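Both ligands and their constituent atoms are indexed starting at 1 by order of listing. Fair warning: this is a prediction, and the values are worked out from it, not measured in the lab.
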Amino acid sequence: MDYPFELGPIRPVDEADSLLIRTTRGCPWNRCDFCVNFKSSPFSLRHIDDIKKDIDAAADYFDGHPFRRCFLQDGDSLIMKTGKVIEILDYLKHHFPTLEIISSYGRAQSMIKKSLPELKELCQAGLNLLYCGMESGSDRVLQSINKGVTAADIISAGVQAKEAGMQLSEFIILGLGGVSLWREHARETAKVLNAINPDKIRVLTIGIKPGSALEEKWKNGSYVLQTEEEIIEEQQVLVSHLDDSITSHYANHHGVDLLLEARGQLPDEKSKLLAILGRFLDLSKEDKHNFILGRRLGMYQRLDDLQNHSLFNAVDEKMRNLGHPHAGELESLFHSLRSRIV
Ligand code: SF4
C-alpha cells in the first residue's frame with residue numbers, strides 16, 4: 001500500500017497495529033553479522049521538518065484514527081539529539097492525542113550515551129518503550145557476531161532505561177552461538193537478563209540470511225548451526241538460568257520460533273515454559289521431525305496439533321514424499337524453510 005509519508009522496512013512484531021513514523025533511515029551500526037535489514041541502505045538522520053511533514057500527512061491520511069501506539073522507525077532513534085526527539089514527540093502527541101505508547105529500537109551503544117536525566121526527559125515527553133536487540137549476554141558471542149557492544153554495556157543501557165521509567169523489551173537470538181558457544185550463550189544471556197529484569201524478553205530463532213556475513217562463516221565452517229532440537233535445548237538452559245526474581249513477560253513470538261506456545265509471565269510461569277520445552281524434547285525422533293516439518297510448512301501452530309490425526313497424516317505424507325533424507329539433509333531443509341520466514 002502506498003502512504004503519503006515515508007515508511008521504513010521493519011518494525012517489531014508487537015507493533016503490528018501501530019502508527020509508524022520514520023525518524024532515521026537504516027542503522028548507524030549496520031555491521032552485525034546476522035543482519036541484512038539495512039544492508040543496501042546507508043544510514044541517515046532525517047531532517048526534523050521532513051519528519052513533521054510526515055506527521056502532518058499521517059494525521060490527514062488517518063483522519064482522527066485513535067492510535068494508542070506509535071513506533072519510531074528505523075534502527076535507532078536514540079542516536080538523534082535529545083532535544084530533537086522531544087520536539088518530534090511533542091509534535092506527534094499534538095497530532096495524535098490518543099497515543100499512550102511511543103516506542104523505538106534502542107541500541108545499547110546509543111542508550112549509554114544518553115545521561116539518566118536525558119532518558120527521563122525523553123520518557124516524560126512520551127518515548128516510554130524501547131526495543132533493545134541485545135541478542136546475547138555472552139561477550140564471546142557478541143564479539144563473534146560483531147555486535148559492537150559488551151554485556152556490561154547492555155546491562156548499563158537496560159538498567160538506566162528502566163530507571164528512567166521506560167518499558168524495556170529485550171530481543172534474544174537463539175542459536176547465535178552455534179554448536180561451539182550455545183551453552184555459554186544461554187547461560188550468559190540469562191545472567192544479563194537477571195541483571196536488567198526487562199519488562200519483556202522476546203526470543204527469535206536464528207535464520208541465516210543470504211548475503212549476510214554469518215552466511216559466509218556458515219559456509220566456511222567457522223559457524224556451525226545447531227539442529228532445531230539443540231536450539232530448544234539451548235532455550236531450556238536459558239530459561240532454567242533465569243532467576244526467580246525476574247518479573248519479565250517471556251515469549252517465543254515470531255513465526256521463526258518453533259514453540260510459539262512457550263510464552264508466559266515470569267517467575268510464576270517459568271515451570272510452565274520449561275514443561276513446554278521439555279514436552280517437545282521428550283517426543284520420539286519421528287514425532288519431533290513431523291512436528292518441525294509441520295511447523296516450518298505452516299501446517300501446525302502448537303504441539304497439541306500433533307494430536308490432530310488428519311493433520312499429522314498430512315505432514316507425514318509430506319515427509320514420506322521427501323524420500324529418506326538423512327538427518328543433515330532434514331536439518332538443512334528445516335533451516336531453509338525457517339530462513340524464508342520474515
Ligand atoms: S544494530 Fe540492529 S539493525 Fe543494526 S546491524 Fe545490528 S541487528 Fe541490524
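A parallel orientation is assigned to the rings of Phe171 and Tyr131, their planes being inclined by less than 30° (bins at 30° and 60°). Ring geometry for Phe291 versus Tyr300: interplanar angle under 30°, hence parallel rather than tilted (30 to 60°).
Each of Arg296, Arg295, Lys288 was scored for a side chain to side chain donor-acceptor pair (under 3.5 Å) with Glu228, with one residue passing: Arg296. Considering Glu184, Lys191, Arg187 in turn, Glu184 is the only one that fulfils the side chain to side chain donor-acceptor pair (under 3.5 Å) rule with Ser138.
Comment: Glu170 does not engage Lys200 in a salt bridge, judged by the lack of any side-chain N to carboxylate O separation of less than 4.0 angstrom. Using a cutoff of 4.0 Å between basic side-chain nitrogens and carboxylate oxygens, Arg69 and Glu100 are not scored as salt-bridged.
Using a 4.0 Å cut-off between heavy atoms, Lys147 contacts ligand 1 through its side chain alone, with no backbone atom that close.
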Criterion side-chain contact (heavy atoms from CB on, under 4.5 Å) on Asp74 and Arg11, from CA distance to verdict: CA-CA 8 Å; Asp74 283 343; Arg11 52 144 180 85; over 6 Å; no

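For ligand 1 and Arg31, the ligand atoms under 4.0 Å from any heavy atom of the residue are 5 (S).
Distances under 2.8 Å from atom 8 (Fe) of ligand 1 pick out the protein N/O/S atoms Cys35 SG.
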